[in-house]
Each structure stands twice: as structure tokens, then as C-alpha cells.
Amino acid sequence: MIADATSTVLKAALAGLAQRQRVTADNIANVNTPGFLAGRTDFETSLRGAVSSGQLPTVSGGSTVRSLEPTNTNGNNVNLDAETVLATETGLRYQLALNALDGKYNSMRTAMRTS
């Protein structure tokens, strides 16, 4: 398999965004569950750190922790509006990263055909 830094970074971003999509879906599914605390996924910090130090990032989903945001009377802190916005934003970022990776593969296919 042909791998370079850009492809590895994009794959790591896709893995992190996929994890965020799963966690956000879980949050939305539990919007009315008493005592449920929303999950938050962070992969950008480790991805940014690896890239800025010149290392290739590991392809993982990042870290997921429970939100410490205030809860309502039933102990649940899921904000449906915020989760919906996050789901939409994450979907758009995922599509952008996927398009970038697809463009990279298309460039490699073109280069191989002309060789």
C-alpha cells in the first residue's frame, strides 16, 4: 500500500470524525435518559501535536470523555440543539476529509496511468 504523511493524517482525521459521529449519535439517542452525561471526543489535539512535531499520527478514534456541562433536573446534560449542530458539522468535516483523500488517490491513479 502506498502511504504518505498526507494520507495518514487524513485517515487519522476520518477515524476521529467517525468516532465523534458515533458518540454524538449516542448522545442524541440518550437525550431523555436520566443521569446520562454526554460524551465528547477529542482527536484534534493529538493529531495537531503529531503533525506539528513532524511525526505521523496514529489512526485511532481519539479520546472520549463524559461532559462536565451542567445537568438538568434528571441529571442528563445532553443539549439536543448543540448535538444536532455538532452532528451536522462533523458530517461536513468527514465529507471534506473524504473528498481530499479521494482527490489524492485520483492523482495517484492518474500518475500511474501516464507512467
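The distance from atom CZ of R40 to atom CG of L86, rounded to the nearest 0.5 Å, is 6.5 Å. The CG atom of N74 sits 7.5 Å away from the CG atom of N32 when rounded to the nearest 0.5 Å. Here CG of L101 is found 5.5 Å from CG of L10. Values are rounded to the nearest 0.5 Å.
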Original post:
Going through the distances and angles, do V9 and L47 end up as a side-chain contact (heavy atoms from CB on, under 4.5 Å)?
Top reply: CA-CA 7 Å; V9 168; L47 183 59; 4.1 Å; yes
Subject >> Derivation of the side-chain contact (heavy atoms from CB on, under 4.5 Å) call for F43 and L17 >> reply: CA-CA 8 Å; F43 65 92; L17 289 165; 3.7 Å; yes
Original post:
When you look at N99 and Q95, which way does the side-chain contact (heavy atoms from CB on, under 4.5 Å) test go after all the steps?
Top reply: CA-CA 6 Å; N99 287 346; Q95 189 61 46; 3.0 Å; yes
**OP:** With side chain to side chain donor-acceptor pair (under 3.5 Å) as the test, would you mind laying out the steps for D81 and T84 before giving the verdict?
**Re:** CA-CA 5 Å; D81 291 338; T84 303; 5.6 Å; no
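The two residues A97 and L14 have their closest heavy-atom pair at CB-CD2, 3.8 Å. The two residues G91 and Q21 have their closest heavy-atom pair at CA-NE2, 3.7 Å. Nearest heavy-atom pair, A38 versus V78, reported as atom, atom and distance to 0.1 Å: CB-CG2, 4.0 Å.
Hydrophobic clustering keeps V65 apart from L37 (ILVMFWY residues linked when any side-chain heavy atoms are closer than 4.5 Å, directly or through intermediates). At a threshold of 4.5 Å between side-chain heavy atoms, the hydrophobic network of Ile, Leu, Val, Met, Phe, Trp and Tyr places L92 and L96 in two separate groups.
The closest donor-acceptor contact from the side chain of N79 to the backbone of A82 lies under 3.5 Å.
Annotation: salt bridge (Lys or Arg N to Asp or Glu O under 4.0 Å) contacts of R93 (sequence neighbours excluded): E89. Under the rule for a side-chain hydrogen bond (donor to acceptor under 3.5 Å, both in side chains), the partners of T41 that lie at least two apart in sequence or sit in another chain are T64.
No hydrogens or angles considered: nothing links the side chains of N27 and T24 as a donor-acceptor pair under 3.5 Å.
Contact check for L80 versus I28: side-chain heavy atoms found under the 4.5 Å cut-off. Between D42 and S63, some side-chain heavy-atom pair lies under the 4.5 Å cut-off.
A salt bridge between R20 and E83 is absent, with no side-chain N of the basic residue lying under 4.0 Å from a carboxylate O of the acidic one.
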